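Only one structure is covered here, and it is reproduced in the block below.
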Amino acid sequence: MSSIEITLPDGSRQSVPPGTRPIDVAQSISPKLAEAAVVAKVNGQLQDLNRPLESNATLQILTPKDPESLEVYRHSTAHLLAAAVLELYPETKLGIGPPIETGFYYDFDRAVPFTPEDLEKIEKRMWEIQKRHLPYERVYTKKEDGLKKYAEAWMKCELIQERAGEVFSEYTLGPGFIDFCRGPHVPDTSKLKAFKLLSIAGAYWKGDEHNKQLQRIYGTAFFTQKELEAYLKRIEEAKKRDHRKLGKELDLFSVQELAGPGLIFFHPKGGIIRKQLEDWMRDQYLKRGYSLVYTPHVARFDLWKTSGHANFYSQNMFSRMELDDAEYQLKPMNCPFHILIYKDRQRSYRDLPVRLGELGTVYRYERSGVLAGLFRVRGFTQDDAHIFCTPEQIENEVVDCLQFAADTLRTYGFDEYEAELSTWDNGASGKYDGAPDQWQLAENALQRAVDRLKINVKRIPDEAAFYGPKIDVKLVDAIGRKWQLSTIQFDFTLPRRFELEYIGEDGKAHQPLMVHRALYGSIERFFGILVEHYAGAFPVWLAPVQAIVLPITDRQIGYAGDVRKQLEEAGIRAELDDRSEKVNLKIREAQLQKIPYMLVVGDREQQNGEVAVRNRKHGDQGAKPLSGFIAEIRQLIDSKAVSE
RNA sequence: GCCGGGAUAGCUCAGAUGGUAGAGCGGCUGACUUGUAAUCAGCAGGUCACGAGUUCAAUUCUCGUUCCCGGCUCCA
């Protein structure tokens, strides 16, 4: 065969000699394309630009515009990191070094831990190697030879044992570096223009805590310095919004060392916000056909044996406590309690669906290292509800839940969200509880519900809870981060364990279906997400202080007090700053507290019964009659406007 | 839980190769009476996280504990 045929994405064809490289084809199309090229896609597979084409193929040249090329680029940067580490610390053993959503990492086994200073040194060495313009070259080794070659590198040996075929590929980076790797890579280090090492962390080999702990170096890389800087700026922005920092600055909540980690104290200002969240949710329960219930925080341990938590959830529960008659257990979940209410009397099909909702506080033992602000705590309150219904009712119930979740998100100013449907493995592994027809019914109901609402859902096989399939809703916050929020989960296990029943039309007992659902998930965590989403500048209806009256001199204190009183009578949370300070200072402090409205009152306003309105975002709005301002702010509060 | 880093005034942080500490902000007092992001002056605040050890001497060095931070694993 004297030539092979290459089909390009636009459908055009080229005849080229075998052994032609994708980069040559790119060059023939345009030197500019060759310059921009990062990697090739040959017959749908990513491949090195320098790897010769041996037979007819479709070929696409990927440039920074293609998302896949960034992964390759970052993977190559990870190799650069490994090469730099080996030059500086030759005794280090290499683990794996993949690209991740925000950059890349590489895992190392080394007796001495890396320090932040090492990180700087390593990054410097990376730039030095980058400047050598070393090629990434693909070479092949027989498995048996490879195992010998990597005898010293225990992790690589394991990987080769597990993953390599008879002959496997390796990539060199100059004369001194070679790594077992599937590739592909960028042609050489001159392609790598913008990268930065970010942090050091411990990480278990293969993610298993029984394995050896390695040292992971995280970094990030972008095609341009500009993108890198934008990313670093985003990290800075996220730090500024950190709910732990704002929680202290705005006096919203605290964690007390004397009380214990992961236990949250809501201060008065945080308490007001939390009350809004709770009131709204309880009102919604009642509007949407839920019954509001209250249940205890502890129960006999026997209850948790019946529910099964004593077995499969024990490592997440607080220790049992001994009372005179029996052992008691602080509740890690609300479901058994709601089930007991359901079971307290006989249910007819006419009673269904039964929807029992609660803001239920649960306690879970979380390992100390995982606790984080409001996002991961040991005591938290779920907006938890359980729906007991017939198979015929299930689809409508799921639709209502999803609608409810979407309304919740919209109310708090989240316009963007994603949904995931986690399904079982069709019984392949036996790790899922419940009958196949139950799984079928539930998964179909979930799928039809999202279809009816035209929600885009990502289906994730084999990710269901062992007791049933679920839909998870993830919101996207103001700076593009995703947070797991609402969850709607089927449960086939608990109705069986508790022998739940309803009497059907046929006069016989049937087992109801049960759905767990939580929309905020945890009020604490949702609160934290809100703090970060709004960077502490809460919508007026949530703001702890909605307006503050700022008299310019002591002469207006009397009038300012009247203004405040009228605001309070109109149901507005108002404060008065009657200190003998300059109005500039009062404004500054009110601004830093992110109070939505500052009402400046001087002699002029006092004379005319007015207030000079300053908005935290839009600044001075000029003077207006107090009654007019009250009408405006009431409108914002009553409509739960998310911006003013 | 594990790896690494950290804890100094109410807050943010500086500091000494071991000789018991400092700034800014805040607080208090007084003066100023001020028009849209910091008025001035004075004063008072610290078992340098906690507990042991080494030392003539420990906030500083060593060990342990607690809590916090970045990760791993897990998760609302």
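Values in this document were obtained by computation on a predicted structure and should not be read as measured data. Here is how names work: the chains are called A, B, and so on, in the same order as the sequence lines, proteins then strands, and each is numbered from 1.
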In whole angstrom, give me the gap between the [atom1] atoms of [N] and [M].
{"N": "rA9(B)", "M": "rU20(B)", "atom1": "C1'", "value": "16 Å"}
{"N": "rU47(B)", "M": "rU59(B)", "atom1": "P", "value": "12 Å"}
{"N": "rG15(B)", "M": "rU54(B)", "atom1": "C1'", "value": "24 Å"}
{"N": "rU62(B)", "M": "rA58(B)", "atom1": "P", "value": "16 Å"}
{"N": "rG35(B)", "M": "rC40(B)", "atom1": "P", "value": "15 Å"}
{"N": "rG24(B)", "M": "rC67(B)", "atom1": "C1'", "value": "27 Å"}
{"N": "rC61(B)", "M": "rG5(B)", "atom1": "P", "value": "13 Å"}

Per the atom types in the model, does the base of [N] pair as donor or acceptor with the side chain of [X] at under 3.5 Å?
{"X": "Glu257(A)", "N": "rA7(B)", "value": "no"}
{"X": "Gln215(A)", "N": "rC3(B)", "value": "no"}
{"X": "Tyr204(A)", "N": "rC3(B)", "value": "no"}
{"X": "Glu605(A)", "N": "rG35(B)", "value": "yes"}

Whole angstroms only, please: what is the [atom1]-[atom2] distance between [X] and [N]?
{"X": "Leu485(A)", "N": "rC75(B)", "atom1": "CG", "atom2": "P", "value": "18 Å"}
{"X": "Gln591(A)", "N": "rA38(B)", "atom1": "CD", "atom2": "P", "value": "11 Å"}
{"X": "Phe114(A)", "N": "rG70(B)", "atom1": "CZ", "atom2": "P", "value": "22 Å"}
{"X": "Arg579(A)", "N": "rG27(B)", "atom1": "CZ", "atom2": "C1'", "value": "12 Å"}
{"X": "Ile100(A)", "N": "rC72(B)", "atom1": "CD1", "atom2": "P", "value": "8 Å"}
{"X": "Arg367(A)", "N": "rG71(B)", "atom1": "CZ", "atom2": "P", "value": "17 Å"}
{"X": "Gln593(A)", "N": "rC11(B)", "atom1": "CD", "atom2": "C1'", "value": "13 Å"}
{"X": "Asp251(A)", "N": "rG10(B)", "atom1": "CG", "atom2": "C1'", "value": "11 Å"}

Mate of [N] where both pairing distances stay under 3.5 Å, Watson-Crick or G-U:
{"N": "rC40(B)", "answer": "rG30(B)"}
{"N": "rG10(B)", "answer": "rC25(B)"}
{"N": "rG4(B)", "answer": "rC69(B)"}
{"N": "rU20(B)", "answer": "none"}
{"N": "rC61(B)", "answer": "rG53(B)"}

Heavy-atom side-chain contact between Pro98(A) and Glu71(A) under 4.5 Å: no
Which listed nucleotide ([options]) is nearest to the side chain of [X]?
{"X": "Arg525(A)", "options": "rC2(B), rA76(B), rU36(B)", "result": "rA76(B)"}
{"X": "Arg604(A)", "options": "rA37(B), rG35(B), rU73(B)", "result": "rG35(B)"}
{"X": "Ala201(A)", "options": "rG71(B), rU33(B), rU36(B)", "result": "rG71(B)"}
{"X": "Arg588(A)", "options": "rU34(B), rA37(B), rC67(B)", "result": "rA37(B)"}
{"X": "Asp554(A)", "options": "rC72(B), rU33(B), rU34(B)", "result": "rU33(B)"}
{"X": "Ser199(A)", "options": "rC74(B), rG70(B), rG35(B)", "result": "rG70(B)"}
{"X": "Pro113(A)", "options": "rG70(B), rU39(B), rG4(B)", "result": "rG4(B)"}
{"X": "Ser580(A)", "options": "rC32(B), rA37(B), rG35(B)", "result": "rC32(B)"}
{"X": "Pro261(A)", "options": "rU34(B), rC68(B), rG70(B)", "result": "rC68(B)"}
{"X": "Ile587(A)", "options": "rC32(B), rA37(B), rG71(B)", "result": "rA37(B)"}

Quick one: sort the Trp280(A) and Tyr520(A) rings into parallel, tilted or perpendicular, breaks at 30° and 60°. tilted
Check the orientation of His309(A) and Trp304(A). Use parallel for under 30°, tilted for 30 to 60°, and perpendicular for over 60°. perpendicular
Syn-anti status, with the boundary at 90° from 0, for the nucleotide rG71(B): anti
So, for Phe108(A) and Tyr106(A), is the gap between ring centers shorter than 6.0 Å? yes
Between Phe414(A) and His533(A), does the ring centre distance come in under 6.0 Å? yes
Stacking of Phe380(A) on rA76(B) base (centres under 5.5 Å, planes under 30°): yes
When we call it a touch if two heavy atoms are under 4.0 Å apart, what does [X] touch: a base, just sugar-phosphate, or nothing?
{"X": "Asp603(A)", "value": "base"}
{"X": "Glu581(A)", "value": "base"}
{"X": "Val377(A)", "value": "base"}
{"X": "Phe526(A)", "value": "nothing"}
{"X": "Ala612(A)", "value": "base"}
{"X": "Gly207(A)", "value": "sugar-phosphate"}
{"X": "Val583(A)", "value": "sugar-phosphate"}
{"X": "Leu550(A)", "value": "nothing"}

Short side-chain N/O contact from [X] to OP1 or OP2 of [N], under 4.0 Å:
{"X": "Lys248(A)", "N": "rG10(B)", "result": "no"}
{"X": "Arg555(A)", "N": "rU34(B)", "result": "yes"}
{"X": "Tyr365(A)", "N": "rG1(B)", "result": "yes"}
{"X": "Arg244(A)", "N": "rG70(B)", "result": "yes"}
{"X": "Ser368(A)", "N": "rG1(B)", "result": "yes"}
{"X": "Tyr105(A)", "N": "rC72(B)", "result": "no"}

Phe466(A) and ring-ring contact (aromatic ring centres under 6.0 Å, His included): which partner among Phe490(A), Phe492(A), Phe312(A)? Phe312(A)
Option among Phe527(A), Phe538(A), Phe526(A), Phe375(A) that satisfies the ring-ring contact (aromatic ring centres under 6.0 Å, His included) test with His243(A): Phe375(A)
Heavy atoms of other groups near Lys617(A) NZ, more than 12 under 6.0 Å: yes
Do the numbers put Arg74(A) on top of the ring of Phe222(A), so that NZ or CZ is under 6.0 Å from the six-membered ring centre and no more than 45° off the axis? yes
Decide whether a cation-pi geometry holds between Arg110(A) and Tyr89(A); the criteria are a distance under 6.0 Å from NZ or CZ to the six-membered ring centre and an angle within 45° of the ring axis. yes
